[in-house]
Amino acid sequence: MSDLEQFRQETRAWLEDNCPVTMREPVKSFEDMYHGGRNPEIIHPDQKVWCDRMAERGWTVPQWPKEYGGGGLDKGEAKVLSQEMARIGARGALWSFGIVMLGPALLQFGSEEQKLEHLPKIARGEIRWCQGYSEPNAGSDLASLATKAEDHGDHYIINGQKVWTSYADKADWIFCLVRTDNSGSKHEGISFVLFDMEQPGVTTRPIKLISGSSPFCETFFDNAKASKSNLVGEEGKGWTIAKYLLTHEREMISSFGAAPKKSVGQQAVEAIGTDASGRLANSVLRQNIAQYQLDAMAFSATMARVGDEARAGQGLGAASSIFKYYGTELNKRRNELNIAVGGESALGWEGEAYADGRVSRDWLRSKGNSIEGGTSEVQLNIISKRVLGLPDQ
Ligand SMILES: Cc1cc2nc3c(=O)[nH]c(=O)nc-3n(C[C@H](O)[C@H](O)[C@H](O)COP(=O)(O)OP(=O)(O)OC[C@H]3O[C@@H](n4cnc5c(N)ncnc54)[C@H](O)[C@@H]3O)c2cc1C
């Protein structure tokens with residue numbers, strides 16, 4: 001038996017013994033995923049049990065090195081783990097910005113002390129992170145950010161405002177872009193710092209989204225303190241780290257476009273029925289769904305291929321913009337189709353009959369996909385310059 005086959009058998013047995021039955025169900029919503037943190041929101045007690053068991057083996061971050069709380073698996077083993085989890089319908093044990101965004105950036109740019117301090121806490125779901133990038137006058141033009149960090153010897157004092165900070169009111173720590181120097185070009189003088197949100201100088205104010213939920217905040221820093229030991233990379237050179245992290249964020253957001261388990265076609269057949277020849281009884285919708293499903297399958301296959309080709313943990317670089325652009329536009333198409341398939345019943349906003357507006361709220365939320373992590377227009381600019389090498393107009 002090959003080593004990989006042996007690993008598969010051991011993994012299968014371990015998952016059978018350790019994955020609670022309740023965690024073998026697909027997550028129903030973002031809130032239904034386990035995000036960890038000092039005060040975790042626990043919908044079902046098994047979420048924490050499952051997370052702790054997986055973290056014990058390093059399998060919340062299977063490919064991170066063992067010394068940082070990871071599983072130390074190679075690409076082949078990580079693939080087997082995800083196949084075996086899919087086989088029993090096991091959900092991911094922990095989902096966090098620490099795993100998908102900060103972790104890769106720290107692995108690449110963090111000091112040894114920073115890796116040892118922060119990565120294991122991310123892997124075990126002990127600390128929940130948020131992303132302090134956007135400001136009221138610095139969204140697409142992120143390098144115009146003005147939040148100021150003043151040098152006070154062994155620490156910085158931070159003043160300014162961030163906006164659209166997802167889950168800032170629930171996060172324990174923030175990875176934050178601040179201006180430490182104003183004298184050069186706008187891309188210089190930006191620093192990447194980490195600090196605790198639980199301190200007197202930090203205030204968050206939730207903002208309501210069009211979908212009715214309030215997942216993000218205005219975030220205010222009024223003499224907030226960040227230790228210099230938590231400056232990642234060199235002072236004033238944070239822009240490179242910021243961009244690297246964004247490629248991982250975009251890769252994560254692009255996965256929203258992957259083909260869903262229950263296809264829109266299946267849902268349409270259940271909702272609308274079939275004609276005499278067994279085809280969906282609405283020819284216009286049939287054509288739109290078929291085109292969407294072909295595009296989603298091709299996208300998923302391309303993501304799988306490119307993911308296999310990318311060096312483990314290194315990500316896709318600027319090409320992540322292609323996937324971010326296409327994946328989010330696809331996800332918006334899927335949500336449009338869900339509305340069309342559901343008809344009147346998909347438009348309800350509240351009440352059991354409408355599943356508390358799940359379809360309409362998801363449809364509205366999907367509009368933000370092509371804005372968060374950089375808008376579609378900005379991705380097209382990046383693709384033209386950095387992937388295709390086209391000249392500036
Ligand atoms: C759901 C959601 C969650 C978010 N979470 C976070 C978070 O956790 N942390 C965080 O820091 N930020 C977060 N953001 C903010 C997000 O990164 C910004 O909204 C985004 O970068 C766009 O910036 P802006 O909103 O200021 O729009 P603007 O930059 O003002 O853009 C307005 C419009 O102008 C267009 N535009 C601007 N510049 C150009 C250009 N050069 N070429 C072509 N078109 C252009 C844009 O495409 C857009 O259509 C989140 C946003 C959303 C919607």
Side-chain angles (χ1 to χ4, degrees), residues 29-31 35 37 95-102 105 128-147 158 160-179 186-187 190-195 197 202 204-221 238-239 241-256 320-321 324-325 327-329 331-332 335 361-386 390 392-393:
S29 62
F30 187 79
E31 287 68 34
H35 304 281
W95 193 94
S96 73
F97 290 165
I99 292 179
V100 293
M101 291 194 243
L102 179 62
R128 185 169 179 179
W129 290 83
C130 65
Q131 177 189 32
Y133 273 35
S134 308
E135 297 183 5
N137 292 314
S140 300
D141 185 15
L142 183 60
S144 292
L145 61 97
T147 291
I158 298 171
Q161 188 200 334
K162 297 288 170 183
V163 73
W164 320 126
T165 328
S166 297
Y167 305 99
D169 52 342
K170 300 187 164 64
D172 307 305
W173 276 62
I174 185 166
F175 48 94
C176 194
L177 296 180
V178 294
R179 189 157 290 288
K186 66 180 180 182
H187 294 97
I190 292 173
S191 298
F192 190 104
V193 289
L194 317 174
F195 54 93
M197 296 282 278
V202 178
T204 58
R205 204 157 62 195
I207 313 171
K208 212 170 221 178
L209 264 178
I210 192 175
S211 62
S213 64
S214 297
F216 54 20
C217 298
E218 292 179 291
T219 307
F220 301 92
F221 307 125
W239 186 244
I241 306 173
K243 281 193 301 181
Y244 179 81
L245 184 143
L246 277 173
T247 63
H248 284 271
E249 178 179 12
R250 288 170 184 156
E251 219 172 305
M252 176 268 291
I253 296 173
S254 64
S255 66
F256 300 163
S320 61
S321 290
K324 203 272 172 182
Y325 173 76
T328 56
E329 297 298 332
N331 196 39
K332 288 201 294 187
N335 278 280
R361 287 171 195 266
D362 283 354
W363 169 64
L364 289 169
R365 175 61 184 83
S366 72
K367 305 293 176 198
N369 295 159
S370 48
I371 300 173
E372 61 199 308
T375 66
S376 279
E377 291 77 15
V378 167
Q379 302 320 300
L380 291 174
N381 287 347
I382 295 173
I383 294 164
S384 75
K385 272 191 225 161
R386 295 186 44 212
L390 298 177
D392 278 335
Q393 290 264 351

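One-based numbering, in listed order, for ligands and for the atoms of each.
Listed by number with element, the atoms of ligand 1 under 4.0 angstrom from any heavy atom of N381 are 40 (C), 41 (N), 42 (N), 43 (C). Applying the 4.0 Å criterion to heavy atoms of R365 picks out, from ligand 1, the atoms 1 (C). Near F216, meaning under 4.0 Å from one of its heavy atoms, ligand 1 places the atoms 1 (C), 2 (C), 3 (C), 4 (C), 52 (C). Taking a cut-off of under 4.0 Å to the non-hydrogen atoms of G373, the atoms of ligand 1 that pass are 17 (O). Residue Y133 approaches ligand 1 through these ligand atoms, each under 4.0 Å from one of its heavy atoms: 11 (O). Of all atoms in ligand 1, numbered sequentially from 1 with element shown, those under 4.0 Å from a heavy atom of I371 are 19 (O), 20 (C), 53 (C).
Within a 4.0 Å radius of atom 43 (C) of ligand 1, the protein contributes one or more non-hydrogen atoms. Under the 4.0 Å distance rule, the nearest protein heavy atom to atom 32 (C) of ligand 1 falls outside the cut-off. There is no protein heavy atom closer than 4.0 angstrom to atom 35 (C) of ligand 1. Within the 4.0 Å cut-off (strictly below), a protein heavy atom is located near atom 49 (O) of ligand 1.
With S140, G139, G368, S366 as candidates, the residue nearest to atom 38 (N) of ligand 1 on a non-hydrogen basis is S140.
Ring geometry for W129 against W173 counts as tilted: the plane angle lies between 30° and 60°, on a 0 to 90° scale. Between W95 and F30, the ring-plane angle classifies as perpendicular under the 30° and 60° cut-offs. Ring geometry for Y133 against F175 counts as perpendicular: the plane angle is over 60°, on a 0 to 90° scale with 30° as the lower cut.
Looking at atom 9 (N) of ligand 1, its nearest protein heavy atom turns out to be Q131 O, 2.8 Å. Of all protein heavy atoms, the one closest to atom 45 (C) of ligand 1 is E377 CB, 4.4 Å. When hydrogens are left out, the protein atom nearest atom 22 (C) of ligand 1 is T375 CG2, 3.8 Å; that is the closest non-hydrogen contact. Looking only at heavy atoms of the protein, atom 39 (C) of ligand 1 is closest to V378 CG2, 4.4 Å. Counting only heavy atoms of the protein, atom 15 (C) of ligand 1 lies nearest to S134 OG, 3.2 Å. Of the protein's non-hydrogen atoms, W164 CB, 3.4 Å is the one closest to atom 14 (N) of ligand 1. E372 CB, 3.5 Å is the protein heavy atom nearest to atom 52 (C) of ligand 1.
Nearest heavy atoms, I207 versus C217: CD1-C, 3.7 Å. In plain terms, the two heavy atoms of N369 and K324 that are nearest each other are O-NZ, 2.8 Å. Residues D172 and G37 come closest through the heavy atom pair OD2-CA, 3.3 Å. Residues Q131 and I174 come closest through the heavy atom pair C-CG1, 4.4 Å.
In this structure, the side chains of Q379 and T328 stay at 4.5 Å or more apart for every pair of heavy atoms. Within the 4.5 Å cutoff, the side chain of N331 has no heavy atoms near those of the I253 side chain.
The N/O atoms of S166, backbone and side chain alike, include one that comes under 3.5 Å of an N/O atom in ligand 1.
The closest approach between any non-hydrogen atom of C130 and ligand 1 is not below 4.0 Å.
If you take CD1 on I190 and CZ on R179, they are separated by 4.5 Å, rounding to the nearest 0.5 Å.
More than 12 non-hydrogen atoms from other residues, nucleotides or ligands lie less than 6.0 angstrom from CG of D141.
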Could you give me the CA-CA distance, side-chain angles and deciding distance for F195 and F221, then say whether ring pair (Phe, Tyr, Trp, His ring centres under 6.0 Å) is met? CA-CA 11 Å; F195 54 93; F221 307 125; 5.3 Å; yes
